[in-house]
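The next block holds one structure in the form of structure tokens; read it before the comments.
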Amino acid sequence: MSFTLTTPLYYVNDRAHLGSAYTTLACDAIARYQRLKGEQVVFITGCDEHGQKIQRTAEAQGLSPQAHCDAVSEGYRQLWNQWQISNDRFVRTTDPRHREIVQQFFKRVEANGDVVEGRQQGWYCVACEEFKDDPAEASAPHCAIHQKPLEWRDELNLFFRLSRYQQQIEALIAKPGFIAPSSRKKEVENFVAQGLRDFSISRVDLPWGIPVPGHPGHTFYVWFDALLGYLTALLDQNEEPDLALVNARGWPAQLHVIGKDILRFHAVYWPAMLLSAGLPLPERVFGHGFLTREGQKMGKSLGNVLDPESLLEHCGRDAVRWYLLRDIPFGDDGDFQQQRFSDLVNNDLANTIGNLLNRTSSMARRWFNEAVPPVPGGVAASHPLAVAALRAGEQFTRAMDLLDFRSAAEACLHLAITTNGYLNDQAPWKLMKQEGNELQVGSDLYAVLEATRWVAVLLAPLVPELSDRMLQQLGQAPLASGASLGAPSAWLAAQQWGGLQPGLALPEPQPVMQRLELEAPL
RNA sequence: GGCUCGGUAGCUCAGCUGGUUAGAGCGUGGGAUUCAUAACCCCAAGGUCGGGAGUUCAAGUCUCCCCCGAGCCA
């Protein structure tokens with residue numbers, strides 16, 4: 001089985017902000033989870049680089065559009081590198097290969113009779129790259145979103161006959177699970193129920209775009225071009241770009257993860273385009289929520305944007321991943337609160353989980369020859385911690401399959417809390433003060449170490465580096481979640497009570513998670 | 001303006017088809033403990049469930065109106 005998932009292709013109008021990082025991080029967790037389960041994953045991200053807005057932004061900086069796009073998309077690429085995002089592909093819509101795919105796709109759509117010429121007249125917002133419905137006689141209308149003046153356009157455009165797909169789209173969005181979370185479904189249903197209207201897919205006199213074959217002077221509308229980036233991304237760099245190959249390279253996608261604002265494009269326009277071109281449809285479109293910061297919208301005007309690069313620098317990957325995935329229900333809007341951020345990271349990761357490993361490893365080493373204690377009677381699968389671990393594993397998997405990172409994280413945390421509690425109840429440090437308790441202490445510590453190993457294993461998709469560090473302290477090999485191995489899943493195999501080898505040497509304990517001490521606002 | 005989603009302890013949220021004293025984690029206060037990253041464990045305080053009206057023997061949970069936030073469409 002293969003699993004293809006995508007982030008949106010980020011628009012290179014500006015450098016990356018926390019929102020894109022959030023989406024990408026979440027996708028990374030999904031990609032890692034699927035790989036760990038043994039799936040052949042194609043994790044796609046990239047940049048969307050055409051359109052008038054880009055052209056103007058570049059001009060304003062005295063750059064050619066290409067130079068501007070090169071710089072910004074390189075910024076994205078590097079950022080994802082720094083975050084150790086495990087994307088398999090990074091696609092740019094200015095790639096000549098993409099041009100080829102778009103043109104092939106268009107020819108299919110046109111051959112299917114879905115392209116018509118039409119006159120597009122109206123007020124246009126360059127920032128939205130959309131025509132607005134303001135009345136023609138309006139004087140100096142402004143875009144409600146961008147607060148910028150609209151421009152009057154009167155041009156002959158090519159239209160995609162979306163209206164022909166009314167029924168198919170209705171059937172598609174009615175499919176349970178296609179639109180996720182399900183709370184977003186109605187919004188799209190109502191939109192479709194109003195009747196789908198053909199939409200324009202070309203612009204004239206806009207040089208910064210892909211030329212429409214057979215229609216001189218026309219370039220593709222950015223959205224038409226951008227969505228197709230998901231297909232281009234699937235093709236290998238060293239093969240001729242050929243649309244006919246995408247099915248063999250991982251299409252259709254199992255999942256498009258997007259921000260809730262672009263749900264319409266992905267759940268309505270995009271499937272219709274694919275139907276027209278005779279390509280299979282993605283299985284699921286997940287629209288996640290937006291992040292605010294300390295209760296306020298982030299924006300340049302407020303001067304409160306949280307830069308993903310500086311966040312990384314000050315806090316590290318694990319901390320940020322944990323906070324965003326564990327505290328913000330995926331799908332809902334969320335608020336980034338610095339105090340809470342450091343509270344949760346310190347409490348969950350450093351204290352509850354990190355310290356559990358540290359204290360247990362210390363005891364085992366001290367009293368059992370710097371090794372995992374022997375278990376003479378054999379490892380009992382009926383041990384309360386074994387039961388707890390198994391349950392945590394089940395909850396984790398169930399949650400991850402639903403993209404419920406929060407609940408998945410809680411499963412790990414609960415296991416660690418239960419294990420800490422067990423340790424306190426057994427109090428091996430007391431038992432060891434009397435002779436003859438070594439066997440009891442040994443089996444207690446074994447169970448606690450083993451449960452801790454489970455925590456590390458489960459944590460792998462969410463906080464891969466922390467997981468590796470924990471496993472290393474337990475003398476275990478790291479779990480590779482960053483690349484598809486096509487091998488039987490070591491991760492699933494690791495979810496077996498008793499996987500920790502008695503007698504295995506334990507390295508000297510090192511804190512696996514530093515506490516965050518954030519004095520200044522980030 | 002229309003549609004959709006949300007408004008539950010200081011904070012982030014659970015609360016299924018209406019039914020005993022509304023739950024969890026964080027934060028706060030107290031206790032216990034020393035194996036450990038002043039960590040872990042236990043206990044406690046804290047809510048007129050956005051506001052108002054209604055349906056019902058019974059509503060956080062259903063209906064209507066209003067207020068606030070977000071997204072979409074205008």
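Just so it is clear: chains get the letters A, B, ... in the order the sequence lines come, proteins before strands, and each one is counted from 1. All figures in this text were calculated on a predicted structure; none of them were measured in a lab.
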**Asked** Under 30°, 30 to 60°, or over 60°: which ring-plane class applies to A:Trp223 and A:Phe265, parallel, tilted or perpendicular?
**Response** parallel

**Prompt:** Which part of the nucleic acid, if any, lies within contact of A:Val512, taking any heavy atom under 4.0 Å across all strands shown: a base, the sugar-phosphate backbone alone, or nothing?
**Reply:** base

**Request:** Starting from C1' on B:C40, measure out to NE2 on A:His414 and report it in whole angstrom.
**Result:** 17 Å

**Euclidean distance for C1', B:A58 against B:A22 (whole angstrom)** = 16 Å

**Asked** What stems, by residue range, does RNA chain B take part in, given at least 3 consecutive Watson-Crick or G-U pairs under 3.5 Å?
**Response** B:1-7 with B:67-73, B:10-13 with B:23-26, B:28-31 with B:41-44, B:50-54 with B:62-66

**Request:** Report yes if a side-chain nitrogen or oxygen of A:Arg197 is closer than 4.0 Å to either non-bridging phosphate oxygen (OP1 or OP2) of B:A74; otherwise report no.
**Result:** yes

**Request:** Grab the CZ-P distance between A:Phe336 and B:U12 for me, whole Å please.
**Result:** 14 Å

**Request:** With sequence neighbours left out, write down each residue that passes ring-ring contact (aromatic ring centres under 6.0 Å, His included) with A:Phe368, or none if nothing qualifies.
**Result:** none

**Item:** Nearest-angstrom distance, C1' atom, B:G29 to B:G10
**Value:** 14 Å

**Toward the 5' end of RNA chain B, by each residue's nearest nucleotide, A:Gln194 or A:Asp327** = A:Asp327

**Message:** Rounding to an integer number of angstrom, what distance separates B:G18 and B:G54 when you compare their C1' atoms?
**Reply:** 15 Å

**Prompt:** Which part of the nucleic acid does A:Met432 contact within heavy-atom distance under 4.0 Å: base, sugar-phosphate only, or nothing?
**Reply:** nothing

**Asked** How far does the P atom of B:U61 sit from the matching atom of B:G52, given to the nearest Å?
**Response** 12 Å

**Asked** Any salt bridge between A:Glu187 and A:Lys185, counting N to O under 4.0 Å?
**Response** no

**Fill in**
Residue pair A:Leu356/A:Gly334 against RNA chain B: nearer the 5' end by closest nucleotide is A:Gly334

**Request:** Measure up the A:Trp497 and A:Trp454 rings against each other and bin them: parallel (under 30°), tilted (30 to 60°), perpendicular (over 60°).
**Result:** tilted

**Message:** Regarding A:Asn420, tell me which of base, sugar-phosphate or nothing describes its non-hydrogen contacts under 4.0 Å with the strands shown.
**Reply:** sugar-phosphate

**Message:** Heavy atoms only, 4.0 Å cut-off, all strands: where does A:Ile417 land among base, sugar-phosphate and nothing?
**Reply:** sugar-phosphate

**Request:** Classify the nucleic acid contact of A:Arg366 as base, sugar-phosphate or nothing, counting any heavy atom under 4.0 Å across all strands shown.
**Result:** sugar-phosphate

**Prompt:** Under the salt bridge (Lys or Arg N to Asp or Glu O under 4.0 Å) test, which residues partner A:Arg317, sequence neighbours left out?
**Reply:** A:Glu465

**Asked** In whole Å, what is the span from the CG atom of A:Leu324 to the C1' atom of B:C13?
**Response** 16 Å

**Message:** Output the rounded distance in Å from CG (A:Asn424) to C1' (B:C35).
**Reply:** 9 Å

**Asked** Rounding to the closest angstrom, what is the interatomic distance between B:U34 and B:G19 at atom P?
**Response** 46 Å

**Message:** With rounding to the closest Å, how many angstrom separate the P atoms on B:A44 and B:G1?
**Reply:** 49 Å

**Prompt:** Quick one: A:Leu449 CG to B:A36 P, roughly how many Å, whole number?
**Reply:** 15 Å

**Item:** Spacing between A:Glu410 atom CD and B:C26 atom P, to the nearest angstrom
**Value:** 11 Å

**Asked** For A:Ala272 and A:Ile169, which heavy atoms make the closest approach, and how far apart are they?
**Response** N-CD1, 3.8 Å

